[in-house]
There are 2 protein chains.
Amino acid sequence: MFLSKRCLHGLRAVLYLALHDSDRAFTPIQEISDRLNIPFHFLTKILHDLGKADILISSRGAAGGVALQRPASELNALLVIDALEGPHFLRSCVLGFDACSSLAPCALHSQWEAARACILNMFSGESLADIAGRIETEEAFLQALRVERKD
Amino acid sequence: MFLSKRCLHGLRAVLYLALHDSDRAFTPIQEISDRLNIPFHFLTKILHDLGKADILISSRGAAGGVALQRPASELNALLVIDALEGPHFLRSCVLGFDACSSLAPCALHSQWEAARACILNMFSGESLADIAGRIETEEAFLQALRVERKD
DNA sequence: TTATATTCAGACTTTTTTATCTGAATATAA
DNA sequence: TTATATTCAGATAAAAAAGTCTGAATATAA
Ligand code: FES
Ligand code: FES
């Protein structure tokens, strides 16, 4: 799989929030965990990290939970991926060399620069609101989440 | 990092072979391990897997080693990646859903299809010989391999 | 104030990936 | 034939990622 589970869980949770942004001030992590079938404590840590990355805000206590820090139209998937996979994930040399720059290019550097631009553009080119807008029925979205592939 | 160590080791080893294809019939794994600074026993297993994937042939005993099964001009990086990361790595749904097809597309499916085409084309569009041809001095290639980044 | 619902924080366990070790099988060369 | 160089194969160990548990902190509502 291309993205780690940690990152997929984070992306899905954030899309869930984008779909339910207006329901109330904060959405409990327990609810997200239940609906998206993500282990509660694992999700808690992931969302906590998204908080540190200024993507979510949270509130403790009754009626607490998490919420998007900005409107879904001002957030994108790349922010989430950078926060959860680390900033090097899509930016380091595809052959694993120490630096990646056109000053000391590896044998795949120019190709990778082009492919990477495709990927970065895909993840940052549209907002979470745009992506969530394509989730036609929430039931279909949730249903799909319950079946996980094994690799 | 985008590709696993396993896969990077395999790619580098195969590029090394592409550069030294004509030296002799077989190249000992020990030599590749020494030159590219890859743990010997780990590399042995990786190359064994590339053998099962019909990318390498091998010969045991003195003067044995491994060699490309076909000329470097008839092999590409995608074959190596598929063998070492598994066939799902770049082909499954980017949001981790069970199936990836335009019949049941996720909210990022069409974007991912385009980005994926970029990546697959990058890895399969040119042969190992083409890539190796851009490695200007072997010293620079080897030097770069000795410094590993930490993520 | 008290009970309850929630995140925060870190320790812990399990699983997967990465790496190492050992011995057997096999080919070459002296 | 014998010594040596090598891959093959599987067991084991170490490190990293994924997931679980527990208790503290904090906010709300009765
Ligand atoms: S140096 Fe390798 S991809 Fe840039
Ligand atoms: S269904 Fe998600 S990328 Fe194709």
Side-chain angles (χ1 to χ4, degrees), chain A residues 1-13 17 24-34 36-53 55-69 81 83-86 88-89 96 148-151, chain B residues 1-13 17 24-34 36-53 55-69 81 83-86 88-89 96 148-151:
Chain A
M1 238 178 325
F2 179 65
L3 298 168
S4 68
K5 294 220 167 154
R6 192 178 137 73
C7 189
L8 290 178
H9 290 331
L11 275 175
R12 290 166 174 191
L17 287 173
R24 75 227 102 152
F26 295 98
T27 304
I29 298 178
Q30 187 68 62
E31 173 185 323
I32 307 176
S33 161
D34 288 344
L36 303 190
N37 210 24
I38 301 170
F40 173 73
H41 293 286
F42 193 22
L43 181 58
T44 284
K45 281 168 64 166
I46 294 167
L47 297 187
H48 190 209
D49 288 345
L50 291 180
K52 288 191 222 153
I55 293 168
L56 301 181
I57 50 174
S58 63
S59 168
R60 295 200 268 198
V66 294
L68 299 177
Q69 190 166 79
I81 293 170
L84 296 177
E85 299 284 14
H88 292 304
F89 177 60
E148 297 276 304
R149 72 174 320 130
K150 297 301 174 297
D151 57 3
Chain B
M1 240 180 324
F2 179 66
L3 298 168
S4 68
K5 294 221 168 151
R6 194 178 137 72
C7 190
L8 290 178
H9 290 331
L11 275 175
R12 290 166 173 192
L17 287 173
R24 74 226 104 150
F26 294 100
T27 303
I29 297 178
Q30 186 68 61
E31 173 184 324
I32 307 175
S33 160
D34 289 344
L36 303 191
N37 210 24
I38 302 170
F40 174 73
H41 291 101
F42 192 22
L43 181 58
T44 284
K45 282 169 67 165
I46 294 168
L47 297 187
H48 191 209
D49 289 344
L50 291 180
K52 287 191 222 152
I55 292 168
L56 301 180
I57 50 174
S58 62
S59 169
R60 294 202 268 199
V66 294
L68 299 177
Q69 190 167 80
I81 292 169
L84 296 177
E85 298 283 14
H88 292 304
F89 178 60
E148 297 276 305
R149 73 172 322 128
K150 297 302 174 297
D151 57 4

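Numbered from 1 within each chain, the chains take letters A, B, ... in sequence-line order. All figures in this text were calculated on a predicted structure; none of them were measured in a lab. We use all heavy atoms of the structure for the numbers below, so side chains are in, but hydrogens, waters and symmetry mates are not.
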Which nucleotide in the list [options] gets nearest to the side chain of [X]?
X       : options               : value
B/Ala63 : C/dT20, C/dT28, C/dT7 : C/dT28
A/Arg60 : D/dT7, C/dT7, D/dC8   : C/dT7
B/Lys5  : C/dG10, C/dA19, D/dT7 : C/dA19
B/His9  : C/dT7, C/dA19, D/dG19 : C/dA19

Just how far, in rounded Å, is [atom2] of [N] from [atom1] of [X]?
X       : N      : atom1 : atom2 : result
A/Arg24 : C/dA5  : CZ    : P     : 16 Å
B/Phe26 : C/dA27 : CZ    : P     : 11 Å
A/Asp34 : C/dT6  : CG    : P     : 11 Å
B/Leu56 : D/dT7  : CG    : P     : 11 Å
B/Arg6  : C/dA19 : CZ    : C1'   : 12 Å
B/Lys52 : D/dT7  : NZ    : C1'   : 13 Å
A/Phe40 : D/dG19 : CZ    : C1'   : 13 Å
A/Ile29 : D/dT20 : CD1   : C1'   : 15 Å

Original post:
Start at the 5' end of DNA chain D and walk down; is the nucleotide closest to A/Ser4 or to A/Ser59 reached first?
Top reply: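 Its nucleotide being nearer the 5' end, the pick is A/Ser4.
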Subject >> First of A/Phe42 and B/Val66 reached from the 5' end of DNA chain D, by closest nucleotide >> reply: B/Val66
Subject >> Watson-Crick or G-U wobble mate for C/dA30, both contacts under 3.5 Å >> reply: D/dT1
Original post:
For B/Gly65, which contact category applies under a 4.0 Å heavy-atom criterion: base, sugar-phosphate, or nothing?
Top reply: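 If one applies the 4.0 Å heavy-atom cut-off, B/Gly65 turns out to touch the sugar-phosphate alone, with no base involved.
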Would you indicate whether the side-chain heavy atoms of [Y] and [X] approach each other to under 4.5 Å?
X       : Y       : answer
B/Val66 : B/Leu50 : no
A/Phe26 : A/Ile57 : yes
A/His48 : A/Leu56 : no
B/Leu3  : B/Leu11 : yes

**OP:** Return the set of residues passing ring pair (Phe, Tyr, Trp, His ring centres under 6.0 Å) with A/Phe42 (not counting sequence neighbours), or none when no residue passes.
**Re:** A/His9
Original post:
Is any side-chain nitrogen or oxygen of B/His48 closer than 4.0 Å to OP1 or OP2 of D/dA9?
Top reply: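 Affirmative; the distance criterion is met.
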Original post:
Is a donor-acceptor pair below 3.5 Å formed from side chain A/His41 to base D/dC21, judging by atom type as modelled?
Top reply: yes
